[in-house]
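In what follows, a single structure is set out as structure tokens and then discussed.
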Amino acid sequence: QVELVESGGGLVQPGGSLRLSCAASGNFFSINAMDWYRQGPGKERELVAEIYPGGGSSYLGSVKGRFTISRDNAKNTIYLQMNSPKPEDTAVYYCHAGVIAADDRRYVSTWGQGTQVTVSS
């Protein structure tokens with residue numbers, strides 16, 4: 001019914017930059033909040049950044065000031081700009097969205113497949 005596709009992951013050096021994208025497609029009425037999560041080696045999945053319909057956002061404390069989440073409503077796409085990444089930022093990054101289905105207008109929690117980000121010299 002709805003699909004989230006992440007892109008932009010890869011290998012980046014500490015102090016470099018990387019931009020992740022997440023595009024939503026499918027039969028949905030609207031998309032509410034959208035988020036970026038990550039899961040590092042041996043760790044649980046954690047919320048990295050969240051952006052709300054009105055444009056407000058919140059961040060994991062360890063990435064605040066380095067990462068920026070943004071949203072293009074016309075394209076149903078969110079981005080995560082990663083500046084000055086650190087080795088501890090290495091993880092699979094997942095896009096998440098709260099979607100209102102077009103058929104019955106029910107809320108559906110939707111996840112992307114993830115994109116690998118590796119921070120290494």
Side-chain angles (χ1 to χ4, degrees):
Q1 189 169 4
V2 62
E3 182 180 23
L4 302 178
V5 179
E6 302 99 334
S7 63
L11 177 65
V12 62
Q13 293 185 329
S17 64
L18 201 65
R19 190 193 191 201
L20 307 183
S21 300
C22 172
S25 62
N27 188 25
F28 54 86
F29 177 75
S30 64
I31 300 176
N32 295 331
M34 296 186 72
D35 323 283
W36 286 102
Y37 285 75
R38 70 184 182 188
Q39 187 168 13
K43 299 181 180 180
E44 297 296 316
R45 190 172 298 186
E46 63 182 351
L47 178 64
V48 177
E50 184 170 46
I51 189 165
Y52 310 108
S57 60
S58 62
Y59 296 89
L60 179 67
S62 61
V63 309
K64 189 175 183 180
R66 299 187 296 115
F67 293 5
T68 302
I69 188 171
S70 60
R71 180 171 181 169
D72 186 335
N73 290 327
K75 296 181 178 180
N76 292 319
T77 300
I78 62 167
Y79 307 91
L80 186 67
Q81 180 68 42
M82 304 172 62
N83 295 331
S84 300
K86 303 175 181 179
E88 51 264 42
D89 295 319
T90 295
V92 177
Y93 284 71
Y94 297 91
C95 181
H96 172 264
V99 177
I100 305 300
D103 52 359
D104 58 7
R105 304 296 174 88
R106 290 182 179 271
Y107 178 88
V108 180
S109 179
T110 305
W111 292 89
Q113 295 299 311
T115 183
Q116 176 71 47
V117 173
T118 302
V119 184
S120 180
S121 299

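Reckoned from all heavy atoms, side chains included, excluding hydrogens, waters and symmetry mates. Since the model is a prediction, treat every value here as computed from it, not as a measurement.
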Q: Return the minimal non-hydrogen interatomic distance between A97 and I31, and the atom names on each side.
A: CB-CG2, 4.0 Å
**Q.** Hydrophobic cluster identity match, V2 and I100, side-chain contacts under 4.5 Å
**A.** no
(Q) For a quick test of reading the model, state the closest non-hydrogen atom pair linking V92 to G114 and the distance between them. (A) CG1-CA, 3.9 Å
Q: Find out if a path of hydrophobic residues (ILVMFWY) with successive side-chain heavy-atom gaps under 4.5 Å connects F67 to Y37.
A: no
Q. How long is the gap from CG on L4 to OG1 on T77, to the nearest 0.5 Å?
A. 10.0 Å
Q: Please examine the side chains of E6 and W36, heavy atoms only from C-beta on, and report whether any two atoms are closer than 4.5 Å.
A: yes
Q) Looking at SG of C22 and CD of Q113, how far apart are the two atoms once the value is rounded to the nearest 0.5 Å? A) 11.0 Å
Q: Kindly give the heavy-atom pair with the smallest separation between Q13 and S121, and that separation in Å.
A: NE2-C, 4.2 Å
(Q) Whether the S58 and Y52 side chains hold a donor-acceptor pair (N or O, under 3.5 Å, no angle test) is what I'd like checked. (A) yes
Q: Identify the heavy atoms of P85 and V12 that sit nearest to each other, and give their distance.
A: CG-CG1, 3.9 Å
**Q.** Inter-residue atom distance M34.CE - N76.CG, 0.5 Å rounding
**A.** 7.5 Å
Q) So do I78 and C95 actually touch side chain to side chain, heavy atoms under 4.5 Å? A) yes
(Q) Are V5 and L80 connected into the same hydrophobic cluster when the rule is that any two of I, L, V, M, F, W, Y join if their side-chain heavy atoms are below 4.5 Å apart? (A) no
Q.
Could you see if Y94 belongs to whatever hydrophobic cluster contains I69? Use Ile, Leu, Val, Met, Phe, Trp, Tyr and a side-chain cutoff under 4.5 Å.
A. no
Q | Shortest non-hydrogen contact between R38 and Y93, atoms and distance | A | NH1-OH, 3.0 Å
Q) Between CD of Q116 and CD of Q39, what distance do you get to the nearest 0.5 Å? A) 10.5 Å
(Q) Whether the side chain of T90 engages the backbone of V119 through a donor-acceptor N/O pair (distance < 3.5 Å, no angle test) should be reported. (A) yes
Q: To the nearest 0.5 Å, tell me how far L11 CG sits from L18 CG.
A: 9.0 Å
Q. Would a distance-only check, ignoring hydrogens and angles, find a side-chain to backbone donor-acceptor pair under 3.5 Å from Q81 to T68?
A. no
Q: First locate atom NE2 of H96, then atom CZ of R45, and finally report the distance between them rounded to the nearest 0.5 Å.
A: 9.5 Å
Q | pair V117-D89: side-chain heavy atoms closer than 4.5 Å | A | no
Q | Check against side chain to side chain contact (heavy atoms under 4.5 Å, CB included), V108 and F28 | A | CA-CA 10 Å; V108 180; F28 54 86; over 6 Å; no
Q: Please indicate whether E88 has more than 12 foreign heavy atoms, meaning atoms of other residues, nucleotides or ligands, lying under 6.0 Å from its CD.
A: yes
Q. Is Y79 reachable from L60 through a run of I, L, V, M, F, W or Y residues, each pair having side-chain heavy atoms under 4.5 Å apart?
A. no
